[in-house]
Amino acid sequence: MDFNQKCYDLLILIPKGKVTTYKEIARALNSKAYRAVGNAMNKNENAPKVPCHRVVGSNGNLVGYAYGIENKIKLLEKEGVKIINNKIDLKKYFFSFNK
DNA sequence: GGAATGACATTTA
DNA sequence: CTAAATGCCATTC
């Protein structure tokens with residue numbers, strides 16, 4: 001299984017209305033490749049299968065999105081996540097894989 | 001096999 | 001506190 005595939009697998013576990021960080025994902029994989037995580041999303045092989053939009057920066061900042069940041073914001077708000085100044089309140093919506 | 005790239009994070013100014 | 005520079009991992013050219 002490739003690294004990116006693992007990322008996708010974890011992303012599917014994220015509940016609706018919650019978000020996580022690239023770092024958290026990397027940590028869940030027992031790795032520090034948060035860069036690679038974002039890269040995996042960029043490939044977007046499993047775009048419709050995986051909620052890539054539920055992944056944000058460490059401080060809740062919306063780093064980017066393959067389909068456009070605007071679209072990402074929209075999707076998150078649809079799920080009940082409030083976005084302020086292109087940022088998310090991690091205190092409220094942060095989801096930890098907590099292994 | 002080596003160099004370049006990116007949806008990041010952390011440290012320093 | 002905000003902005004800029006540096007380091008990092010895996011993938012791709």
Side-chain angles (χ1 to χ4, degrees):
Chain A
M1 201 185 253
D2 286 60
F3 188 84
N4 50 19
Q5 193 63 45
K6 288 185 183 181
C7 297
Y8 303 142
D9 195 46
L10 287 174
L11 288 179
I12 296 172
L13 300 179
I14 303 176
K16 184 183 105 172
K18 293 271 185 176
V19 297
T20 188
T21 65
Y22 298 94
K23 180 157 194 195
E24 183 62 26
I25 295 171
R27 205 186 63 179
L29 294 176
N30 203 33
S31 178
K32 309 167 236 49
Y34 23 88
R35 279 275 199 170
V37 175
N39 223 338
M41 303 298 109
N42 186 257
K43 304 292 196 293
N44 226 359
E45 305 175 13
N46 308 36
K49 304 178 185 180
V50 174
C52 326
H53 58 275
R54 291 182 189 153
V55 188
V56 299
S58 59
N59 68 331
N61 193 358
L62 296 180
V63 191
Y65 188 57
Y67 291 85
I69 300 294
E70 297 298 331
N71 201 342
K72 184 171 182 177
I73 295 172
K74 254 163 96 177
L75 286 170
L76 288 172
E77 286 202 338
K78 256 186 208 173
E79 303 195 347
V81 179
K82 278 289 195 180
I83 299 179
I84 303 166
N85 198 359
N86 282 26
K87 285 179 198 156
I88 293 177
D89 192 338
L90 290 178
K91 293 182 179 178
K92 295 180 181 177
Y93 308 108
F94 179 71
F95 171 75
S96 173
F97 293 98
N98 186 10
K99 36 117 181 96

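Each chain gets a letter, A, B and so on, in the order its sequence line appears, and its residues count up from 1. The structure displayed is predicted, hence computed values, not measured ones.
- Distance from the side chain of A:A33 is smallest for C:dC9 among the nucleotides C:dC9, C:dT11, B:dA9.
- A residue-by-residue look at A:D2 and A:Y34 shows that A:Y34 has its nearest nucleotide of DNA chain C further toward the 5' end.
- A heavy-atom distance below 4.5 Å is found between the side chains of A:L76 and A:L62.
- Counting only heavy atoms from C-beta on, A:C52 has its side chain closest to B:dA7 among C:dC9, C:dT11, B:dA7.
- Listed nucleotides B:dA7, C:dT12, B:dA9 differ in distance to A:S58; the shortest reach to its side chain belongs to B:dA9.
- Under the 30°/60° scheme for interplanar angles, the aromatic rings of A:Y65 and A:Y67 are found to be tilted.
- Within the 4.0 angstrom heavy-atom criterion, only backbone atoms of the sugar-phosphate kind lie near A:F3; the bases stay farther away.
- Phosphate proximity of B:dG6 to A:N39: absent, as no side-chain N or O sits under 4.0 Å from OP1 or OP2.
- Summarising the geometry, the separation between CD on A:E24 and P on B:dA9 is reported as 11 Å, rounded to the nearest angstrom.
- Judged by distance alone, with hydrogens and angles left aside, the side-chain atoms of A:D2 form no donor-acceptor pair with the main-chain N or O of A:N4 at under 3.5 Å.
- One interatomic measurement links the two molecules: NZ of A:K87 to P of B:dA7, which rounds to 19 Å at whole-angstrom precision.
- Each of B:dA7, B:dT5, B:dA9 was ranked by its minimum atom distance to the side chain of A:N44; first place goes to B:dA7.
- Rounded to an integer number of Å, the gap from CZ of A:R27 to P of B:dA9 is 13 Å.
- With respect to the salt-bridge test (charged N to carboxylate O, under 4.0 angstrom), the residues A:K74 and A:E77 do not qualify.
- A straight line from CG of A:N4 to C1' of B:dG6 spans 14 Å, rounded to a whole angstrom.
- Side-chain N/O atoms of A:K32 include none lying less than 4.0 angstrom from OP1 or OP2 on C:dG7.
- Between the OH atom of A:Y22 and the P atom of B:dG6 there is a distance of 14 Å, rounded to whole Å.
- For the pair A:K49/A:Y8, no side-chain contact is recorded, criterion being any heavy-atom separation below 4.5 Å from C-beta on.
- Distances were taken from every side-chain heavy atom of A:N42 (C-beta onward) to each of C:dA10, B:dA7, B:dA9; the shortest belongs to B:dA7.
- Taking atom CD1 of residue A:I69 and atom P of nucleotide B:dA7, one finds them 9 Å apart after rounding to whole Å.
- At a threshold of 4.0 angstrom between heavy atoms, the contacts of A:A36 include nucleobase atoms, whether or not backbone atoms are also involved.
- Rounded to a whole Å, the OH atom of A:Y67 is 14 Å from the P atom of B:dA7.
- Between A:K43 atom NZ and C:dC9 atom C1' there is a gap of 11 Å when expressed in whole angstrom units.
- With distances taken from any side-chain atom of A:T21 to the nucleotides B:dA9, C:dT11, B:dA7, the minimum falls on B:dA9.
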